[in-house]
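In what follows, a structure is listed as structure tokens, so that the remarks can point back to it.
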Amino acid sequence: MNLPEQSSTHSARLAVELVRLRRDYVVRSPVAGSRRRRRQVVRAVDDVTLRIDRGETVGFVGANGAGKSTTIKMMTGILQPTSGAVRVLGRDPVPERRHLAREIGVVFGQRSQLWWDLPLRDSYRILGAMHRLTDRAREQRLERLAAGLDLGGFLDRPVRQLSLGQRMRGEVAAALLHSPELVVLDEPTIGLDMVSKEGLRRFLREDRAERGTTLFLTTHDMGDVERLCNRIVVVNSGTVAYDGALDSFRERLGAPRELVVDLEEPLDVLTLPTAAHTLAVEAGGIRHRIAFSGAELTVPTLLTAIGSQAAVRDLSLSEPAIEDLVRQIYSRGGRL
Amino acid sequence: MPTYWTIAAAAFRQYSTYRLATVAGVFTNSVFGLIRASILFAAITTAGGELSGYTIAQAATYVWLGQALLAPIEAFGTREVSQRVHQGDVAIDLLRPTSFLGLYYAQKLGRAAFLLLGRGVPPLLIGALLTGLALPEDPLSYLLGALSLLLAITVAFLTDMLVNLTAFWLLETRGLTVVYTAVMNLLSGFLIPIVWFPDWLLSIARATPFPSMIQTPIDTLSGRVPPLEALPLLGTQLGWTAVLTAAALLMLHAGVRSVEVQGG
Ligand SMILES: Nc1ncnc2c1ncn2[C@@H]1O[C@H](COP(=O)(O)OP(=O)(O)OP(=O)(O)O)[C@@H](O)[C@H]1O
Ligand SMILES: [Mg+2]
């Protein structure tokens, strides 16, 4: 393909460039009473365009079957797009799959890239050899990974004896061993408890801060997106339904934030600005739960309005959960 | 190269952890060796002490070398690659920065090295004690024999890989593996030496890569075929290696592009 000069220098700056990407799966399903099978085309990814700069952290979210894993397979070169263009770190993934494999780190949450019957440590020795790391470089990096992901306790145990959470941390370490420029994680926190999830997120943030990696992850756990990503892309039925900064994502939806105030003296009714309304009054008029639109009303304005009616003793503010927001996008027919 | 060496060494270590399987393998291998040896001995004795160039001692060597090769050749076929294709784990293999075939070949060599030492050599020693072996006179036979063994393992690896790679297009490859194993056991010269075949079957066998897997390394190692005559046989093995490698690479190339890596 002949790209114009200007676009190719631009592409070099991009970590990922997907242009009008599409993928159809051909499914043959048996037909009752016939030996023939019916041919059916499932459009898993339909017209996805996405440009990701180097150093960005992108959360790729959407319902089951929205086309997230299919997109990742095309990005990593193991699946040929039906149409459209893909460039990852300036490479064409399918023909340059093995080159790309040296520059990216991938975790498929439900698959293992470790050697099942060997001690975990051996997997890193083999991966280090595959990535042509020197013994010294490998050991240094492994030390860092083992400390950050807390692998020390089970490095010498065979992988088949590890718990799911231990194995997942091992998988992430395997994907990061060669210090890849782009890290692609397909449901990396699947099956982890809260403590392991937090540990994994903390390490991913640290590692990213140190090395400036690009991070692209799919997840059904909005905590992952909130803690790791500065940009969110919502897919619905194979198309991009939202793409933008995480903060403006909440604002654009005018999502109700929630303010809880405890008053000095009980009060039955608070008069509020139009963009806010009372959800509940509790503790005999002491605690008021107030929903308001973050786009139309700032917290100080709201507090001033309340303060003119009663003295506030305590307050707390909760952000909307992103999964609620994604649900809202879907209920609006996939558009903002 | 160090990459593939590390992979092969890991496969060797991995197989060395399966101790019970090793002991069981040695036991069955030896028992079947004894059974096969007594049948061949009976046939040769009935024929008057020699049958198509095989004496009792040569038949014993043929049987025990065959038993020793069974494990490293993996004559019963493997299913790892086809299962990984069907379950989508092949995605992991394709995301390694190594060549797919190279990765599996290195693993195969590491595994074969262990299977040869752990499961092949013990029955050979048992055979040497129980029935005796006819050892080659020319030291060159050992050298060429080792080379031929390596090529035999390579040819067997490639043919087995072709069967496995059909998983890219077929939802079920077990039937094919069964056919492959049956044909391979007969045409490779494992059950009976191919020179005992009727002419028509012999020419069919010679047109396939199967004799390169068992008959050729046995003949070369045992010295039944002297070194000079073994050279063309090794040439045939090399030829098959080239043809089958090309076929496997083609299938892999087509498979990767047509495959819909399974599972999200
Ligand atoms: N190999 C395949 N053959 C046929 N259809 C497929 C195949 N893989 C995926 N699909 C279909 O393509 C669509 C997208 O699947 P994909 O795995 O990309 O979804 P996803 O967003 O990763 O979902 P999840 O959150 O459940 O992992 C689904 O409708 C799925 O049924
Ligand atoms: Mg998925």
Side-chain angles (χ1 to χ4, degrees), chain A residues 23-28 42 44 64-70 72-74 76-80 93-95 97-119 122-123 125-133 135 158 171 174-175 178 184 186-187 218, chain B residues 1-22 80 83-107 110-111 114 168-172 249 252-264:
Chain A
R23 172 68 206 204
D24 295 336
Y25 287 111
V26 178
V27 188
R28 290 194 173 75
V42 177
N64 291 136
K68 304 180 295 294
S69 297
T70 305
I72 287 190
K73 284 173 189 167
M74 291 190 279
T76 51
I78 55 178
L79 188 67
Q80 178 97 28
V94 171
R97 191 186 72 235
R98 276 171 60 195
H99 276 285
L100 199 57
R102 295 194 177 282
E103 295 157 358
I104 64 177
V106 186
V107 172
F108 285 114
Q110 42 293 67
R111 303 190 192 290
S112 179
Q113 56 174 314
L114 304 170
W115 275 257
W116 203 242
D117 291 311
L118 295 176
D122 288 21
S123 287
R125 198 169 297 142
I126 301 168
L127 286 165
M130 284 183 173
H131 286 289
R132 303 190 192 129
L133 304 181
D135 287 352
E171 299 285 351
H178 57 294
V184 179
D186 194 354
E187 303 190 32
T218 79
Chain B
M1 271 306 119
T3 308
Y4 296 99
W5 176 254
T6 311
I7 296 167
F12 186 96
R13 272 202 308 286
Q14 184 183 337
Y15 268 71
S16 66
T17 62
Y18 309 146
R19 298 214 181 89
L20 193 62
T22 305
E80 190 189 358
Q83 275 169 351
R84 286 181 74 80
V85 170
H86 283 149
Q87 287 160 12
D89 286 327
V90 70
I92 298 286
D93 302 329
L94 295 173
L95 284 174
R96 306 248 194 237
T98 39
S99 108
F100 181 92
L101 223 48
L103 172 68
Y104 275 97
Y105 184 52
Q107 284 178 4
R111 195 164 71 222
F114 177 78
F168 278 121
W169 299 274
L170 304 178
L171 280 179
E172 179 53 66
L249 286 175
L252 195 61
H253 188 81
V256 170
R257 265 145 225 253
S258 74
V259 72
E260 294 169 356
V261 173
Q262 308 289 317

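Reminder, nothing fancy here: chain letters follow the sequence lines and each chain counts from 1. Worth knowing before you read on, the calculation uses all heavy atoms, side chains too, and leaves out hydrogens, waters and symmetry mates.
- Contact annotation for B/Tyr18: only side-chain heavy atoms (C-beta onward) come within less than 4.5 Å of a heavy atom of chain A.
- Sequence neighbours left out, the pairs with a member in residues 90-104 of chain B that pass side-chain hydrogen bond (donor to acceptor under 3.5 Å, both in side chains) are B/Arg84-B/Asp93, B/Arg84-B/Tyr104, B/Asp93-B/Tyr104.
- Across all non-hydrogen atoms, the minimal contact from B/Ala91 to A/Ile78 is CB-CD1, 3.5 Å.
- Counting only heavy atoms from C-beta outward, the side chains of A/Arg97 and B/Val256 approach each other to under 4.5 Å.
- For the atom pair B/Ile7 CD1 and A/Trp115 CH2, the distance stands at 6.5 Å (nearest 0.5 Å).
- Interface residue A/Ser112: only backbone heavy atoms are found under 4.5 Å from chain B.
- The distance from atom CG of A/Leu118 to atom CZ of B/Arg13, rounded to the nearest 0.5 Å, is 6.0 Å.
- If you measure heavy-atom distances from A/Val94 to chain B, the contacts under 4.5 Å come from both the backbone and the side chain.
- Between B/Thr6 and A/Ala129, the shortest heavy-atom contact is OG1-CB, 3.5 Å.
- In terms of the side chain to side chain contact (heavy atoms under 4.5 Å, CB included) criterion, residue partners of B/Ala11 (sequence neighbours excluded) are, by chain and number, B/Gln107.
- In this structure, A/Arg98 and B/Pro97 have side chains that are not in contact, with every pair of non-hydrogen atoms separated by 4.5 Å or more.
- Residues B/Leu95 and A/Thr76 are in side-chain contact: their nearest non-hydrogen atoms beyond the backbone lie under 4.5 Å apart.
- Both the backbone and the side chain of A/Ile126 come within less than 4.5 Å of a heavy atom in chain B.
- Atoms OH and CG, on B/Tyr15 and A/Asp117 in that order, are 8.5 Å from each other to the nearest 0.5 Å.
- The main-chain N or O of B/Gln87 is found under 3.5 Å from a side-chain atom of A/Arg111 such that the two form a donor-acceptor pair.
- Heavy-atom distances place no part of A/Ile72 under 4.5 Å from chain B, backbone and side chain included.
- Between B/Thr3 and A/Met130, the closest heavy-atom pair is CG2-CA, 3.4 Å.
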